[in-house]
Amino acid sequence: MENKKILTLTQAAMIAAVYVVLTYVFSAFSFGQVQIRIAEALTILPVFTPAAVPGLFIGCLIGNITGGAVLPDIIFGSLATLAGAIGTRLLRKKNPIVCTLPPILSNVIVVPLVLRFAYGVLLPIPVMMLTVGIGEVIGCGVLGVGLYTVLKKYKETIFLSSRFEKGTKPAE
């Protein structure tokens with residue numbers, strides 16, 4: 001049981017770190033009214049491990065802080081990612097395309113409101129929902145499903161999930 005806790009904590013930390021790095025490396029188009037956040041591809045990871053839920057939340061929180069976001073964006077943008085990650089985890093047994101819907105929808109609803117009320121962007125909210133939605137479909141949908149396709153082949157090795165689910169210990 002202790003090994004499972006360590007594995008979960010390690011996976012969450014690694015996912016958070018990768019999210020932050022991707023947000024930073026692609027910061028030129030990770031923020032704003034037209035954004036494609038490459039790190040959002042990671043929102044498919046709750047399909048493979050529950051550790052992805054806190055990992056994505058912490059990664060988004062740190063990514064927003066280090067990216068220079070204002071406080072409402074840090075709070076509500078990160079909560080949108082958390083809500084999306086929880087939704088993906090709940091839908092994990094569904095088709096991977098369906099699993100991308102919670103993070104897409106949570107960001108399409110939250111981010112335009114943040115852009116309007118925290119940054120004063122005067123574009124109509126439906127227009128911002130469209131622009132954010134397109135970026136989320138690319139980040140979560142296209143890139144996320146691509147990531148899913150690659151990871152499902154190696155999930156046993158990468159996430160060590162079956163070893164704990166079947167009651168066996170990971171290699172020491």
Side-chain angles (χ1 to χ4, degrees), residues 5 8-94 96-145 147-148:
K5 289 179 185 178
T8 301
L9 183 61
T10 303
Q11 286 177 347
M14 289 173 50
I15 290 166
V18 172
Y19 191 102
V20 171
V21 168
L22 289 173
T23 301
Y24 180 77
V25 168
F26 297 104
S27 64
F29 47 91
S30 290
F31 299 94
Q33 57 238 22
V34 178
Q35 59 179 266
I36 300 171
R37 191 175 280 199
I38 303 300
E40 288 289 291
L42 301 177
T43 60
I44 198 70
L45 295 180
V47 168
F48 299 106
T49 176
V53 174
L56 290 167
F57 173 67
I58 298 298
C60 184
L61 186 71
I62 295 169
N64 285 343
I65 291 168
T66 59
V70 298
L71 188 59
D73 192 2
I74 293 167
I75 294 168
F76 294 108
S78 301
L79 288 174
T81 296
L82 177 62
I86 291 169
T88 298
R89 183 69 187 161
L90 292 173
L91 295 174
R92 69 187 176 274
K93 295 184 193 264
K94 303 286 184 194
I97 294 170
V98 172
C99 294
T100 67
L101 293 178
I104 291 170
L105 293 175
S106 64
N107 282 293
V108 163
I109 293 166
V110 172
V111 173
L113 296 172
V114 168
L115 290 170
R116 167 62 56 83
F117 298 111
Y119 293 101
V121 176
L122 297 178
L123 286 173
I125 289 178
V127 170
M128 289 189 284
M129 292 174 110
L130 179 64
T131 61
V132 169
I134 291 168
E136 288 296 313
V137 166
I138 293 168
C140 297
V142 175
L143 297 177
V145 170
L147 181 61
Y148 172 87

[atom2] on [Y] to [atom1] on [X], rounded to 0.5 Å:
X	Y	atom1	atom2	answer
Ile125	Phe117	CD1	CZ	5.0 Å
Leu22	Leu143	CG	CG	10.0 Å
Asp73	Phe31	CG	CZ	7.5 Å
Ile65	Ser78	CD1	OG	7.0 Å
Ile15	Thr43	CD1	OG1	11.5 Å
Thr66	Leu61	OG1	CG	9.5 Å

Side-chain (Arg116) to main-chain (Leu123) donor-acceptor, under 3.5 angstrom: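 Judged by distance alone, yes, a pair lies under 3.5 Å.
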Would you check if the side chain of Tyr119 reaches a backbone N or O of Val70 as a donor-acceptor pair within less than 3.5 Å?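 Present.
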Validation: residues 131-142 side-chain donor-acceptor distances under 3.5 Å, sequence neighbours left out:
from: Thr131; atom 1: OG1; to: Gln33; atom 2: O; distance (Å): 2.6
from: Thr131; atom 1: OG1; to: Met128; atom 2: O; distance (Å): 3.1
from: Glu136; atom 1: OE1; to: Asn107; atom 2: ND2; distance (Å): 3.4

Taking only residues two or more places apart in sequence or in another chain, which ones pass side-chain contact (heavy atoms from CB on, under 4.5 Å) with Phe29?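 Phe29: side-chain contact (heavy atoms from CB on, under 4.5 Å) contacts with Phe26, Ile36, Ile38.
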Looking at [X] and [Y], what are the two nearest heavy atoms and their distance?
X	Y	answer
Thr88	Pro103	OG1-CD, 3.3 Å
Tyr148	Pro96	CE2-CG, 3.4 Å
Val20	Gly63	CG2-N, 3.9 Å
Ile74	Ala69	CD1-O, 3.4 Å
Met129	Val108	CG-O, 3.5 Å
Pro102	Gly87	CG-C, 3.5 Å

Is the shortest heavy-atom distance from the side chain of Cys60 to the side chain of Asn64 under 4.5 Å?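 Side-chain contact under 4.5 Å: yes.
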Within the structure provided, determine whether Thr81 and Tyr19 are in side-chain contact (heavy-atom separation under 4.5 Å).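 Side chain of Thr81 against side chain of Tyr19, heavy atoms only: contact under 4.5 Å found.
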Which pairs would a plain distance check flag for residues 47-56, meaning a side-chain donor or acceptor within less than 3.5 Å of a matching protein atom at least two apart in sequence or in another chain?
from: Thr49; atom 1: OG1; to: Gln11; atom 2: OE1; distance (Å): 2.7
from: Thr49; atom 1: OG1; to: Ala51; atom 2: N; distance (Å): 3.1

Enclosure of Ile97 CD1 (heavy-atom neighbours >12, cutoff 6.0 Å):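 No, the 6.0 Å shell around CD1 holds no more than 12 heavy atoms from other groups.
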Mind running side-chain contact (heavy atoms from CB on, under 4.5 Å) on Thr100 and Val145 for me, showing each step along the way? CA-CA 8 Å; Thr100 67; Val145 170; 3.9 Å; yes
Assess the residue pair Leu147 and Leu45 against the criterion (side-chain contact (heavy atoms from CB on, under 4.5 Å)); give the C-alpha distance rounded to whole Å, side-chain angles, the decisive distance to 0.1 Å, and a yes or no. CA-CA 9 Å; Leu147 181 61; Leu45 295 180; 4.3 Å; yes
